[in-house]
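First comes the structure, then the notes that go with it.
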There are 2 protein chains.
Amino acid sequence: MSGQTRTLTLADVAAAAGVSLSTASLAFSGNKPVSEVTRERVLAAAATLGYSGPNLLARNLRQGRSGVVGIAVGKLSTAFQDPAALPMMDAVSQVLGSAGMGLLLMGDDDGHARLPLDAVIYAVCGRDTWAAYDDLVVRDVPVVVVDGPSWAGASLVDVDHRAGCVDLGAHLHGLGHRRVATVTLEASHPQRERDAGLREVFPDAVTIGACPSDLAAAQSLAGTYLAERPDVTAIVCQSDVQAAGVVLEARRRGLAVPGDLSVAGFDGVPTPWLDLVLTTVVQPLAEKGRATADAVLKRIEGEDVADVVLPVELRVGDSTGPA
Amino acid sequence: MSGQTRTLTLADVAAAAGVSLSTASLAFSGNKPVSEVTRERVLAAAATLGYSGPNLLARNLRQGRSGVVGIAVGKLSTAFQDPAALPMMDAVSQVLGSAGMGLLLMGDDDGHARLPLDAVIYAVCGRDTWAAYDDLVVRDVPVVVVDGPSWAGASLVDVDHRAGCVDLGAHLHGLGHRRVATVTLEASHPQRERDAGLREVFPDAVTIGACPSDLAAAQSLAGTYLAERPDVTAIVCQSDVQAAGVVLEARRRGLAVPGDLSVAGFDGVPTPWLDLVLTTVVQPLAEKGRATADAVLKRIEGEDVADVVLPVELRVGDSTGPA
DNA sequence: TTGTAAGCGTTATCAC
DNA sequence: GTGATAACGCTTACAA
């Protein structure tokens with residue numbers, strides 16, 4: 001054919017339809033009433049020319065938003081391995097999606113920060129990931145932090161880790177347990193809060209060690225500990241996956257759960273490795289995600305958002321019993 | 001103070017620094033040489049005014065790109081539960097990130113399509129998710145499909161599912177297995193290819209059923225089947241997670257693996273549920289991700305990209321033995 | 001090395 | 001309900 005086809009613009013469509021640029025714009029956006037007949041004329045013209053709708057980059061500039069929300073998750077393969085992360089992210093994505101916005105994954109590596117984000121969520125990510133935070137503040141990008149800690153200028157969505165662990169501790173104490181050990185997550189806000197909660201009931205709880213929410217890691221940690229035949233009657237873990245690992249390891253060593261050893265977790269996620277119901281603290285994961293997305297949307301609109309701390313619920317299962 | 005602070009623009013900075021707009025732009029982008037002294041002057045002026053760098057939305061419009069690549073993954077919580085998905089996504093994100101681009105999650109729900117994406121990756125997602133495809137073609141958005149099937153106008157990154165399963169089948173045949181059954185994934189390109197590969201060696205393989213790559217699902221499927229005390233000597237699964245489920249279920253029913261029953265998988269991912277090394281077909285997951293990202297970047301540059309089919313490798317573990 | 005000027009393709013404000 | 005016009009804030013030929 002003949003030469004380069006210049007990109008089609010709304011002006012071309014307007015011309016072809018014999019209407020003004022602004023009318024054509026309205027025909028597409030519907031932001032103001034347009035007579036049915038002219039609107040059809042515009043759409044017809046667009047179809048004829050092969051115009052695929054208003055340029056989104058131009059619209060973004062004009063409206064001052066990108067429609068994209070970043071979510072800092074540290075290393076992807078780590079973050080998503082945590083079964084507690086998924087239902088939350090799912091809810092976030094869903095709520096954002098129905099507002100026409102998208103969720104962009106920010107690794108801990110690099111330059112995602114050079115993208116025009118309307119807001120950023122900090123979730124399931126370690127301390128190091130916070131480096132870019134100051135930059136965001138400078139650029140006035142709203143920030144929502146999930147699972148704390150509270151951060152100047154950022155909105156917070158959290159669950160009541162501490163109360164949950166207090167309840168769990170009380171449950172064990174009620175069953176007669178007195179010598180308790182704990183497996184913790186790596187240093188973080190949830191880790192500190194959960195530990196503090198447990199220690200309100202068992203100040204002298206023995207810390208077995210810290211590890212990620214990973215089955216194998218928890219198993220090996222528990223293995224070394226149980227090998228010494230300690231006299232604890234219960235082990236409290238800071239995640240269900242850890243708890244599953246401890247249960248498996250205890251059984252491997254001939255300990256009955258909960259007969260010889262009670263084991264408890266945190267999160268309330270499925271544990272397909274086990275044939276029993278774990279005693280745990282159930283987080284409202286989907287609600288956490290929705291609350292996060294709501295906070296993001298409000299902050300983008302410039303509204304103030306109060307911090308949110310969602311309640312958790314103790315679920316008594318089959319993994320804990322009398323001391 | 002006095003009234004509304006109009007947003008700071010590069011023009012303000014240029015004025016304050018006593019240079020032209022274009023010089024100020026270059027001082028920030030470095031796209032052309034600027035004398036050290038003027039560049040410092042510009043940056044100083046920016047710092048004084050509290051200017052946080054060029055508006056990214058404006059830059060996007062000007063350059064005709066958003067810096068964002070969408071990845072269609074169906075339902076998040078399903079997609080990321082598959083351990084094979086993570087290392088791949090990780091690699092994609094990393095490569096894109098180092099090119100200054102970000103990865104946006106597209107759920108199967110909705111309107112993420114109204115975001116200005118520079119390209120879209122279709123991965124780990126079922127058939128239904130392809131609905132938006134035509135729209136992308138119309139808008140000339142490059143598309144890269146991972147794990148097939150090949151699609152008109154889209155680039156393809158795949159692994160040689162079929163050859164891998166032929167090798168696996170040969171391995172079992174060599175061990176003397178003749179009566180073989182298989183657990184498949186739900187209908188998809190990988191599912192069909194893997195099945196076809198197996199049937200090149202065992203045309204009469206019994207299909208136990210299809211299920212997601214989920215431990216519990218595979219366990220229950222295997223349970224029903226094994227209850228009938230079939231005379232098969234080996235079960236080939238289309239994923240390692242399924243294979244793990246089958247192993248656990250077989251043992252639960254008193255069958256020794258590989259003594260009474262050989263079990264094989266596909267993927268080459270960790271199976272923390274098992275204390276044996278699974279015989280499986282190992283995919284180069286990270287490389288798959290890198291190839292995908294490379295294809296995306298090239299397509300965005302307008303280059304043509306040849307389809308890629310990566311080789312896989314049979315790993316003989318402890319889950320298969322003589323018939 | 002620096003300055004001038006022309007867009008990038010919309011949407012929003014205002015008058016008609 | 002429709003039309004003119006002014007931003008939105010930047011990058012990049014091209015000229016000096």
Side-chain angles (χ1 to χ4, degrees), chain A residues 4-43 45-46 49-67 100 114-118 139-141, chain B residues 4-43 45-46 49-67 100 114-118 139-141:
Chain A
Q4 193 78 359
T5 334
R6 197 180 44 73
T7 35
L8 240 35
T9 96
L10 191 51
D12 298 324
V13 176
V19 300
S20 79
L21 177 56
S22 49
T23 302
S25 173
L26 294 178
F28 276 99
S29 71
N31 283 354
K32 277 192 174 177
V34 175
S35 86
E36 187 57 29
V37 38
T38 55
R39 183 250 218 55
E40 304 241 302
R41 192 138 38 95
V42 172
L43 265 42
L49 295 179
Y51 178 75
S52 47
N55 180 299
L56 301 165
L57 261 16
R59 173 210 298 240
N60 280 354
L61 171 58
R62 189 52 239 247
Q63 301 188 145
R65 14 184 101 176
S66 65
R114 306 266 24 122
L115 295 172
L117 305 174
D118 290 346
R139 284 159 53 201
D140 263 324
V141 179
Chain B
Q4 194 77 359
T5 334
R6 196 180 45 74
T7 30
L8 240 34
T9 96
L10 191 51
D12 298 324
V13 175
V19 300
S20 79
L21 178 55
S22 56
T23 303
S25 174
L26 295 178
F28 276 100
S29 71
N31 283 354
K32 280 193 173 179
V34 174
S35 86
E36 187 57 29
V37 39
T38 54
R39 182 247 219 57
E40 305 242 299
R41 192 138 38 96
V42 172
L43 265 43
L49 295 178
Y51 177 74
S52 46
N55 180 299
L56 300 165
L57 260 18
R59 172 211 298 239
N60 279 354
L61 171 58
R62 190 50 235 254
Q63 301 189 144
R65 0 185 116 182
S66 64
R114 305 261 31 115
L115 296 171
L117 304 174
D118 290 346
R139 282 161 52 201
D140 262 325
V141 178

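Small disclaimer: the values here were computed from a predicted structure and weren't measured. Order of the sequence lines sets the chain letters (A, B, ...), proteins ahead of strands, with each chain counted from 1.
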Once you round it to whole Å, what is the distance between P of dT10(C) and CG of Asn60(B)?
15 Å
Is the phosphate of dC10(D), meaning OP1 or OP2, less than 4.0 Å from a side-chain N or O of Tyr51(B)?
yes
Can you give me every donor-acceptor pair (side chain of residues 55-62 of chain A, partner residue at least two apart or in another chain, under 3.5 Å) with its distance?
unit_1	atom_1	unit_2	atom_2	d
Asn55(A)	OD1	Leu57(A)	N	2.7
Asn55(A)	OD1	Ala58(A)	N	2.9

Sorted by chain and number, sequence neighbours left out, side-chain hydrogen bond (donor to acceptor under 3.5 Å, both in side chains) with Ser66(A) holds for Asp118(A)
Please list all pairs meeting side chain to side chain donor-acceptor pair (under 3.5 Å) that have one or both residues in residues 14-23 of chain A, counting only residues at least two apart or in different chains.
Ser20(A)-Ser22(A), Ser20(A)-Thr23(A)
Suppose we screen for side chain to side chain contact (heavy atoms under 4.5 Å, CB included). Which residues come up paired with Thr7(B), at least two apart in sequence or across chains?
none
Go through the structure and list residues passing side chain to side chain contact (heavy atoms under 4.5 Å, CB included) with Ala11(A), not counting sequence neighbours.
Thr9(A), Leu21(A)
Taken in chain and number order and not counting sequence neighbours, the residues that satisfy side chain to side chain contact (heavy atoms under 4.5 Å, CB included) with Ala14(A) are Val19(A), Ala24(A)
For nucleotides 11-16 of chain C, 5' to 3', base contacts (B), sugar-phosphate-only contacts (S) and non-contacts (-) with protein non-hydrogen atoms under 4.0 Å give BBBB--
I want to check one thing: is the phosphate of dG3(C), taken as OP1 and OP2, less than 4.0 Å away from some side-chain N or O of Ser20(B)?
yes
Specify the separation, in whole Å, of atom CG of Leu56(A) and atom P of dT10(C).
9 Å
Salt bridge (Lys or Arg N to Asp or Glu O under 4.0 Å) contacts touching residues 10-31 of chain B (sequence neighbours left out):
Arg6(B)-Asp12(B)
What is the distance, rounded to the nearest whole Å, between atom CG of Leu61(B) and atom P of dT10(C)?
9 Å
Listed pairs under 3.5 Å, donor-acceptor, residues 26-33 of chain B side chains, sequence neighbours left out:
unit_1	atom_1	unit_2	atom_2	d
Ser29(B)	OG	Ser25(B)	O	3.4
Ser29(B)	OG	Asn31(B)	N	3.1

So, is Thr9(B) near the phosphate of dC8(D), with a side-chain N or O under 4.0 Å from OP1 or OP2?
no
For DNA chain D, which residues in residues 33-41 of chain A have a heavy atom at a distance below 4.0 Å?
Pro33(A), Val34(A), Ser35(A), Thr38(A)
Hey, what bend do you get for the helix from dT1(C)-dA16(D) to dC16(C)-dG1(D) if you fit axes on five pairs at each end, rounded to 10°?
20°
Among Arg39(B), Arg41(B), Glu40(B), which one satisfies side-chain contact (heavy atoms from CB on, under 4.5 Å) with Val34(B)?
Arg39(B)
